[in-house]
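No experiment lies behind these values; they were computed from the predicted model shown.
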Amino acid sequence: LCVRHGLQAKPLLVRWATTSGPGLAYERSISSGGLRSDDRQRKVVDDLDRLSSRLDGYSASGPSPSVGGIFSRLFGASPSLPPSSRSPMGYYLHGSVGSGKTMMMDLFFQEAPIEKKRRAHFNAFMMEVHKRVHAVKEAEARSSGEERLKGFDAIGRVADEISQDVHLLC
């Protein structure tokens with residue numbers, strides 16, 4: 001089980017001593033016998049606790065700036081903005097079957113201190129995005145009277161639509 005992340009600020013303290021968060025929920029599961037302690041999972045939980053702390057009190061302020069392209073808008077990297085006004089950076093969790101990826105994401109999602117959140121499997125989410133991109137392209141082509149559009153950025157529009165409804169996507 002591995003985690004890739006892009007936090008640019010100093011790491012925040014782990015919140016296990018507080019009354020909520022993925023770390024505390026993980027420790028409770030171990031204490032109750034529901035889970036066995038795992039060093040790799042513990043590392044991920046520490047990282048997810050830091051992300052949870054960054055999300056606590058976070059409020060998105062409308063569509064993401066277009067600086068940096070679609071991946072910047074989706075994953076929060078806006079180099080032209082000061083670190084304090086950037087969206088919290090995302091995490092990419094990967095690992096072998098049975099390593100605990102789904103459990104870690106479910107735990108984080110359940111404990112995340114943000115209201116506008118959505119839990120989706122990567123493949124299902126990407127299929128939805130492709131359908132939405134296709135629908136936006138078709139609608140734009142119909143409204144412009146052209147059969148095919150060249151240079152039209154449907155992905156950016158779909159990303160902005162998704163970010164209006166969801167501030168945390170797991």
Side-chain angles (χ1 to χ4, degrees), residues 1-64 70-78 83-133 155-170:
L1 182 65
C2 299
V3 64
R4 302 233 188 252
H5 56 86
L7 286 176
Q8 296 175 345
K10 290 182 180 177
L12 298 172
L13 296 175
V14 176
R15 298 177 355 141
W16 290 15
T18 64
T19 58
S20 64
L24 184 61
Y26 183 75
E27 290 300 317
R28 283 185 187 147
S29 294
I30 291 171
S31 296
S32 70
L35 290 176
R36 286 189 324 257
S37 182
D38 179 283
D39 290 339
R40 285 178 264 162
Q41 288 178 356
R42 225 175 252 288
K43 164 73 172 106
V44 171
V45 168
D46 286 348
D47 290 338
L48 293 176
D49 258 343
R50 283 190 288 277
L51 178 57
S52 183
S53 293
R54 297 262 336 257
L55 290 172
D56 197 7
Y58 170 74
S59 175
S61 58
S64 301
I70 183 64
F71 289 108
S72 295
R73 290 196 299 269
L74 287 175
F75 298 111
S78 297
S84 61
S85 63
R86 292 182 191 155
S87 299
M89 295 295 290
Y91 279 61
Y92 179 71
L93 214 50
H94 62 96
S96 59
V97 173
S99 60
K101 299 178 302 292
T102 299
M103 183 218 20
M104 290 283 112
M105 283 286 76
D106 288 344
L107 185 72
F108 175 71
F109 182 80
Q110 178 183 355
E111 298 295 324
I114 198 162
E115 289 183 31
K116 293 175 88 174
K117 57 186 176 179
R118 178 178 170 198
R119 181 76 174 99
H121 188 276
F122 179 80
N123 291 339
F125 174 71
M126 291 309 296
M127 287 177 59
E128 175 191 334
V129 168
H130 284 284
K131 286 179 185 177
R132 289 175 77 163
V133 165
I155 295 172
R157 187 178 296 177
V158 169
D160 285 342
E161 289 173 2
I162 291 170
S163 69
Q164 294 300 309
D165 298 328
V166 178
H167 295 164
L168 174 65
L169 179 63
C170 291

Report the C-alpha distance between V44 and Q41 in whole Å, list the side-chain angles of each, state the deciding distance to 0.1 Å, and finish with yes or no for side-chain contact (heavy atoms from CB on, under 4.5 Å).
CA-CA 5 Å; V44 171; Q41 288 178 356; 5.6 Å; no
Walk me through whether V45 and M104 qualify under side-chain contact (heavy atoms from CB on, under 4.5 Å).
CA-CA 7 Å; V45 168; M104 290 283 112; 3.5 Å; yes
Run the side-chain contact (heavy atoms from CB on, under 4.5 Å) check on L93 and F108 step by step: do they pass?
CA-CA 12 Å; L93 214 50; F108 175 71; over 6 Å; no
What do the steps show when you test E111 against L48 for side-chain contact (heavy atoms from CB on, under 4.5 Å), and what is the final call?
CA-CA 10 Å; E111 298 295 324; L48 293 176; over 6 Å; no
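A pairwise comparison of heavy atoms in S29 and S32 identifies O-OG, 3.2 Å as the closest pair. Nearest heavy-atom pair, L107 versus A25, reported as atom, atom and distance to 0.1 Å: CD1-CB, 3.4 Å. Between P88 and L51, the shortest heavy-atom contact is CB-CD1, 3.9 Å. Among all heavy-atom pairs drawn from K101 and G95, the shortest one is NZ-O, 3.1 Å. Shortest non-hydrogen contact noted between S52 and A112 is OG-CA, 4.5 Å.
Put simply, CZ on R50 and OH on Y91 are 5.5 Å apart, with the number rounded to the nearest 0.5 Å. For the atom pair CG (L35) and CZ (R28), the distance works out to 13.5 Å, reported to the nearest 0.5 Å.
Listed for the R118 side chain is no donor-acceptor partner under 3.5 Å among the backbone atoms of L169. K117 places a side-chain N or O within donor-acceptor distance of the main-chain N or O of F109, the cut-off being under 3.5 Å. Distance alone, capped at 3.5 Å, is enough to place a donor-acceptor pair between the S163 side chain and the D160 backbone.
Other residues, nucleotides and ligands contribute at most 12 non-hydrogen atoms within 6.0 Å of the CE atom of M127. Atom NZ of K116 has more than 12 neighbouring heavy atoms from other residues, nucleotides or ligands inside a 6.0 Å radius.
Between R132 and E128 a salt bridge is recorded (basic side-chain N to carboxylate O distance below 4.0 Å). Under 4.0 Å is where a charged nitrogen must lie from a carboxylate oxygen, and between D47 and K43 at least one such pair does.
Considering only heavy atoms from C-beta on, Q110 stays 4.5 Å or farther from D106 through its side chain. Contact of the Y26 side chain with the D49 side chain is not registered, since no non-hydrogen atoms from C-beta on lie closer than 4.5 Å. Proximity of E27 to R42: side-chain heavy atoms (C-beta onward) are separated by under 4.5 Å at one or more points. With a 4.5 Å cut-off on side-chain heavy atoms, R119 and T102 count as touching.
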